[in-house]
Structure formats: C-alpha cells, structure tokens
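Heads up: the structure comes next, in structure tokens.
Just so you know, ligand 1 is whichever comes first in the structure, and atom 1 is the first atom listed for that ligand.
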Amino acid sequence: MLEQTGINRREFLKYAAVAGSLSFLNTQKAEAFSSNAKGRIVIIGAGAAGLSLAARLRKWLKKPDLTLIDPADRQFYQPGFTLIASGVYQPGEVWKKQEDCIPKDIRWIKEAVVAVDPVANRVTTSGNQKIDYDFLVIAPGIQIHWDWIEGFDYSKLGQGNAHSIYDFQGAQKTWQAMQEFSRTGGKGVYTDTYTKHKCGGAPKKICLLTEHYTRKQQTRETVDLHFYTASKQLYDVPYFTPRLLDIYAERHIPINLTTRVKGIDTAAKQVYLEKTETVGDQKIITPIKEDYDFLHFTPPMSAPDFVRQAGLDSADGTVPEQSWVAVDKETLIHKNYPNIIALGDCAGIPTSKTSAATRMQVPIAGKNLIALMEGKEPTERYDGYAACPIVTDYGHVLMCEFDYSKERKSSFPFSWMNASQELRLAWLVKVYMLKPLYFYGMLKGKA
Ligand SMILES: Cc1cc2nc3c(=O)[nH]c(=O)nc-3n(C[C@H](O)[C@H](O)[C@H](O)COP(=O)(O)OP(=O)(O)OC[C@H]3O[C@@H](n4cnc5c(N)ncnc54)[C@H](O)[C@@H]3O)c2cc1C
C-alpha cells in the first residue's frame, strides 16, 4: 500500500504520529453516563449508525433490552471502496464478519425488515417474525436503484466498461478497468446522480484518482476525461468550492452542470444524459448522447422501500426518491411518531450522507432516545456536521468538513493548516486512521 501512495516509511511514521493524536483529539469520549430507563428497543440496520448506537446504548443503559435486525453477513467500511477502486486498499481490508462486530449479549435477528407498523409499534421481518417494540431506531442506510437507469440493472455492472464504486464488487472491477483504461486510453465519462446519495464526494474522487493514475503511468495524454453533475454547482460548500474548481481546471477535466444520467447502453458503450436548464419560468431539457470508453456512474438511491410503505417518509410515500425518514433535523426524532428515531443515510436531514456525519449523530440520537424513555424532554441537538474527505490525488485530500449552515467546521486544531487546500496530512488521516477509527472506535461506541 505504501508504494501505491508514494509515501516512504519514514514519512509515514512521522505523519502517522501527528495524525493519530489529531484524530483521537477529535474523538468524542464515551462519557460516564448511565440510565435506569427501561423499554424494548428495536434497531433496524447494524451498519455504521445502527451498530454504533447499539454499542452506546449497551453501555449507557443499566438494563438494555436491545434487538438488532440486519440480514448482512459482513460489516463493510464503505469509504474504503474508493481506495479499493484506486488500488490503495485490498478488498479484504474493508470488511469484517458481522458476527465478530455485534456484541454477543445483543439480540441479533439475521433477517431484513420488510414492514413497520408505527401505530401498532411492530416490525415484520423477511422470515415473517413480528417484533413488538417500545422504541424504534431506523438505521438501514440506503437502497440503491440500479434499474432506475434505463437499459441497466445490477447484473450489467462492469459490462461494457460501465463501473460504479457504490458496490463492493463494483469497486474491485473499477480498479481492474482503471488500469486497463490507462493502458488503452480513450474517453472517460464520470457522473453523479439526481437523487441524494452516499458520500457526494465519491464520484469526484474516482475521477481525480483516475487522472492522477494515468499521470503516474505516463499515459495522461491518451485519456480524455469529462465530469457530469446533476447539481447546479460542482460543490456547495463555498469554503472548498474554488479550490476544487481549480483542480478540475488544472487537470483539464471539463465539468458539465445540471446533467443527469437517463440510461446506459453497455453493448454500444453509450451513456444517455439529460441537461436541464431554466430560462425564465421555462424548463428546457436537452438530451445528450455520449460515447465512452470508460464510464464511472453513480446509481440513483433512496431510503429502503419499507420506509415509504409505512408512511414514515416526508413525501407521503408518493415520491420514491424523496422517501427519507421524516425526522427533526436537530433531535433526530420522528416528526409524527415520538418513539421513533432515525439516523445515518436513511434520515431525511439536509446534510451529507457520510459515516462522519453518522458518527456525530450517534451520541445525540442515543441520549435523546434515553430522554424519551425516561419521559424527559430530549435536549441534544445535531448541528449537521459532516465530513467528506475528497481525495484529489494519490497523496492529498481536501478535508471538507461543514455543518447545516454550509460553513466550514474543522477537526484540525492547528490554525496554520490551510484546509481550503488539499493536504498530505489529511491523506494520511484518510488512508491510515479512519478505518481503524471505524472498526475499533465508532462501532464499539468509543468514538
Ligand atoms: C463509495 C463510497 C464512498 C464513501 N466515502 C465516504 C467517505 O469518504 N467518508 C464518509 O464519512 N462516508 C463515506 N461513505 C458513506 C458511508 O459509508 C455511509 O454514510 C455510512 O455507512 C452510513 O451508515 P448507515 O448505518 O446509515 O448505513 P450502512 O452503513 O450502509 O448500514 C446499513 C445497514 O442496514 C442494513 N439493512 C439494509 N436494509 C435493511 C432492512 N430492510 N432491514 C434490516 N437491515 C437492513 C444493511 O445490511 C446494513 O448493514 C461512502 C460510501 C460509499 C458507498
């Protein structure tokens, strides 16, 4: 891994010492806090949000009655998918067996939730078990809709050189294809999507990493790279936007705004896009057809279907892509059902869907849940903190951290660090610190 990142061992040790102390400086200590509150708590999803919260509640409640429901065999550190797709991590480095992550004294039902009845306080699982709860935590992450792209479904991922790192296998195929693309050259098309999606930075990162990879292979002049975003701007946190735009300009990667993917023809290696412009009060939609040699796309995403079907979303079940769980953006408590909390990617809150955001939500959700159980007013407030470390090349990261106001919010305590620029230290934090922080800090309720 060190060879791929261009860092020698001495430099690594120097930076790792700084990064280690830095990272743990920002780690919230699992405070001495405990409660006698009682009640049956059911948690849907044992990923970054659900398992981290279960770990906290297990410590904080004197007599925890916790049931985790999740069908997955493996716990993935998903931010590592970008690093698999660029050859920095090996696939085996980003996951652990779920049975080794879930504490033995927590009841784990290894099935998916298919329905929630928020009036009867009951969930139904894929095995038709009916589980009653007093308090419900909704944390099933995101559902990916490969087939919302015309002409595409999951079975076609990787065919016709159409790749996506929003999938574990997909990330591995991307790395194989990126190496091949740097040998053959050609046109590379990179896109995000029109729905909210996990880690808004990921589509930009893989584009920039491909560009740097081809420079390292001395084949940059053989590839022609284009980035398409469905948004009105490349990035919406003003502190970081100018530098990101400069990086794309310096690397000669044109950015196409307000353009979304409609369909992919993997056999013909063509991607169908739609550009939306507003002129006066008229919306003008222009279809675009692009031939590609290498495509990296982002699939549309929503909260899992049961959220919409149970009427737990803010769009009254009518708009699937807006079906995020309707919670208060500060307390994370459901707007209609005060015994339900949601956090992580499924929550309908106006911040970035990242595990960094989830990490900050966990103690707030946990303390507010306990306040509800105790019949007290929930007082903890989430400020929308999210971090999206945008990897700009093999060795540097633009450490984008912000809150609901889209103001910069820094974890770096050193005023001499200019976080509006890409930093080598941030790369070291990203590559070496955040994964252990996830598995050994966050998931264990310690960070
Ligand atoms: C390519 C990529 C790059 C990323 N980069 C970053 C990054 O750099 N920084 C960052 O902070 N974040 C990043 N993220 C985002 C981060 O991984 C997510 O924000 C985080 O995992 C969200 O946590 P979660 O618990 O909500 O969802 P997840 O961690 O996805 O967990 C959801 C869990 O719910 C389970 N589940 C799903 N449906 C059901 C159901 N019906 N019933 C029961 N269980 C269910 C799943 O099996 C899973 O275990 C990235 C993600 C990807 C894919």
Aromatic contact between Tyr385 and Tyr404, with the criterion being ring centroids under 6.0 Å apart: yes or no?
no
Just heavy atoms, cut-off under 4.0 Å: does Val113 contact ligand 1 by side chain, backbone, both, or neither?
both
Working to the nearest 0.5 angstrom, can you tell me the gap between Phe168 CZ and Gln78 CD?
11.0 Å
Is there a heavy atom of Lys205 sitting under 4.0 angstrom from any atom of ligand 1?
yes
Looking at ligand 1, does any of its N/O atoms fall within less than 3.5 Å of an N/O of Tyr166?
no
Enumerated ligand 1 atoms positioned under 4.0 Å from heavy atoms of Ala139:
32 (C), 34 (O)
Side-chain donor or acceptor of Ser35 paired with backbone N/O of Ala37 under 3.5 Å:
yes
Between ligand 1 and Ala347, can you find any atom pair, the residue atom being a heavy atom, that is separated by under 4.0 Å?
no
Do Cys346 and ligand 1 have an N or O pair less than 3.5 Å apart?
no
Going by atom types alone, do Asp328 and Thr331 pair a side-chain donor with an acceptor below 3.5 Å?
yes
Under a 4.0 Å heavy-atom limit, does Gln361 contact ligand 1 with its side chain, its backbone, both, or neither?
neither
For atom 49 (O) of ligand 1, find the nearest protein heavy atom and state the residue, atom name and distance (0.1 Å precision).
Asp70 OD2, 2.6 Å
Give yes if a backbone or side-chain nitrogen or oxygen of Gln78 is under 3.5 Å from a nitrogen or oxygen of ligand 1, and no if not.
yes
Can the ring centres of Tyr190 and His226 be said to be less than 6.0 Å apart?
no
Pair Arg215-Asp393, salt bridge (charged side-chain N to carboxylate O under 4.0 Å, His left out): steps then yes or no:
CA-CA 10 Å; Arg215 268 189 287 139; Asp393 64 25; 5.2 Å; no
Taking 4.0 angstrom as the limit and counting only heavy atoms of Ile44, give me the atoms of ligand 1 inside it, by number and element.
42 (N), 43 (C)
Aromatic centroids of Trp175 and Tyr213 separated by under 6.0 Å:
yes
Are Phe81 and Tyr166 an aromatic pair, judged by ring center distance below 6.0 Å?
no
Going by the order shown, which atoms of ligand 1 are within less than 4.0 Å of some heavy atom of Pro389?
8 (O), 9 (N)
Lys353 heavy atoms, cut-off 4.0 Å: which ligand 1 atoms fall inside?
15 (C), 19 (O)
Indicate, as side chain, backbone, both or neither, the part of Thr82 found under 4.0 angstrom from ligand 1 when only non-hydrogen atoms are considered.
side chain
What about Gly344: any of its N or O atoms under 3.5 Å from an N or O on ligand 1?
no
Min heavy-atom dist Gln143 to ligand 1 below 4.0 Å:
no
Run the numbers for me: atoms of ligand 1, each under 4.0 Å from some heavy atom of Asp345, listed by number.
18 (C), 19 (O), 20 (C), 22 (C), 26 (O)
Min N/O separation Pro304 to ligand 1 under 3.5 Å
no
